[in-house]
Amino acid sequence: GESVGLHLPTLSVQEGDNSIINCAYSNSASDYFIWYKQESGKGPQFIIDIRSNMDKRQGQRVTVLLNKTVKHLSLQIAATQPGDSAVYFCAELIQGAQKLVFGQGTRLTINP
Amino acid sequence: GAGVSQTPSNKVTEKGKYVELRCDPISGHTALYWYRQSLGQGPEFLIYFQGTGAADDSGLPNDRFFAVRPEGSVSTLKIQRTERGDSAVYLCASSRSGGGSQYFGPGTRLTVL
């Protein structure tokens, strides 16, 4: 079936380095994508979103890239901090529906 | 704060019992969603409300699950005859209108013994 998945389940980076979290999606009809951060015991926290008519969007220390040709989404976090340690999910909104489809997530660990 | 709130934060019940989980969305948000998250997995969609009506309930696993939003604000997810497999974190989200960014609450951790 349709699914959103992540290439790597875990990622460790040194504090201060940049990190890139990848995501592959399979539904070509999806037109809206969101990255969420989830810390232990908390609900997913909205980070940044992008619509399918864009290929890049920047926020504060974060950038999302969308490659519709290969159905790939990435989240770049600049100058990682200990507080960035969490599980990151990408999610797609199925066009015509309102439900988000989530991948399994990538656990990002920031090493001091 | 003005975020989505959920109560209780934790609920432990016995197999066969009935439970209700409550969600208070962000004020002014017309769209409300319920998701379920199992350990190590991403959230899975259950049901979506636009106003008072359930616009999409395709994610409800069976007829033991039911949700209401009678006044278009607070929503209650109801689970009858709970089973051990219902144990999960139940997340609620809201958005200003359907199709926009969804903001999640902290979730209710349900444990069925």
Side-chain angles (χ1 to χ4, degrees), chain A residues 1-10 21 23-27 29-54 57 59 62 64 73 75 86-107, chain B residues 1-10 21 23-26 29-51 53-60 67 69 88-109:
Chain A
E2 302 290 358
S3 65
V4 175
L6 292 164
H7 295 311
L8 295 173
T10 62
I21 302 172
C23 175
Y25 65 94
S26 58
N27 192 331
S30 295
D31 60 359
Y32 180 58
F33 304 86
I34 306 175
W35 279 100
Y36 286 94
K37 171 187 179 183
Q38 188 172 29
E39 297 174 281
S40 181
K42 297 184 179 180
Q45 175 189 353
F46 176 93
I47 301 174
I48 191 168
D49 59 358
I50 188 167
R51 297 209 173 266
S52 60
N53 61 352
M54 304 171 67
R57 190 163 188 223
V62 295
V64 55
L73 195 67
L75 176 70
V87 176
Y88 289 80
F89 293 97
C90 64
E92 63 179 318
L93 192 69
I94 306 295
Q95 190 177 49
Q98 301 303 325
K99 56 185 177 184
L100 289 173
V101 176
F102 285 79
Q104 284 197 324
T106 293
R107 179 173 297 280
Chain B
V4 177
S5 62
Q6 293 186 246
T7 56
S9 55
N10 283 282
L21 311 179
C23 171
D24 273 279
I26 293 171
H29 282 194
T30 61
L32 184 146
Y33 312 79
W34 284 99
Y35 291 81
R36 179 168 70 174
Q37 186 174 27
S38 299
L39 189 64
Q41 304 292 319
E44 294 179 317
F45 171 81
L46 295 176
I47 187 169
Y48 154 60
F49 287 90
Q50 183 59 256
D56 182 354
D57 64 357
S58 62
L60 294 178
R69 194 187 186 198
V89 175
Y90 288 82
L91 294 162
C92 177
S94 70
S95 66
R96 188 172 301 279
S97 61
S101 307
Q102 296 181 22
Y103 297 89
F104 283 81
T108 292
R109 180 176 297 279

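None of the values given here were measured: they were computed from a predicted structure. Letters A, B, ... mirror the listed sequences (proteins, then strands); counts begin at 1.
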Checklist entry - Which pair of non-hydrogen atoms, one from B:Tyr35 and one from A:Gln98, has the smallest distance, and what is that distance? => result OH-O, 4.4 Å
Checklist entry - Do you know which two heavy atoms are closest between B:Leu91 and A:Gly43, and how far apart they sit? => result CD2-CA, 4.0 Å
Checklist entry - Relative to the ring of A:Phe46, is the ring of B:Tyr103 parallel (under 30°), tilted (30 to 60°) or perpendicular (over 60°)? => result tilted
Item to check | Pick from B:Gly42, B:Pro43, B:Gly40, B:Gly107 with the largest number of heavy-atom pairs that fall under 4.5 Å of chain A | outcome: B:Pro43
Item to check | Heavy-atom pair count under 4.5 Å with chain A, highest-scoring of B:Gln6, B:Gln41, B:Arg109 | outcome: B:Gln41
Checklist entry - Checking heavy atoms, do the side chain of A:Lys99, its backbone, both or neither come under 4.5 Å from chain B? => result both
Item to check | Any donor-acceptor N or O pair under 3.5 Å, side chains A:Gln38, B:Gln37 | outcome: yes
Checklist entry - Side chain, backbone, both or neither: which part of B:Ser58 has a heavy atom under 4.5 Å from chain A? => result side chain
Checklist entry - Is the number of heavy atoms from other residues, nucleotides or ligands within 6.0 Å of CD (B:Glu44) greater than 12? => result no
Item to check | Separation between OG of B:Ser101 and CD1 of A:Ile48, rounded to the nearest 0.5 Å | outcome: 10.5 Å
Checklist entry - If you round to the nearest 0.5 Å, how far is CZ of B:Phe104 from OH of A:Tyr36? => result 4.5 Å
Item to check | With B:Ala67 via side-chain contact (heavy atoms from CB on, under 4.5 Å) - residues at least two apart | outcome: B:Trp34, B:Ile47, B:Phe49, B:Leu77
Next on the checklist: A side-chain contact here means heavy atoms from C-beta on lying under 4.5 Å apart; do A:Leu100 and B:Tyr33 qualify?
Outcome noted: no
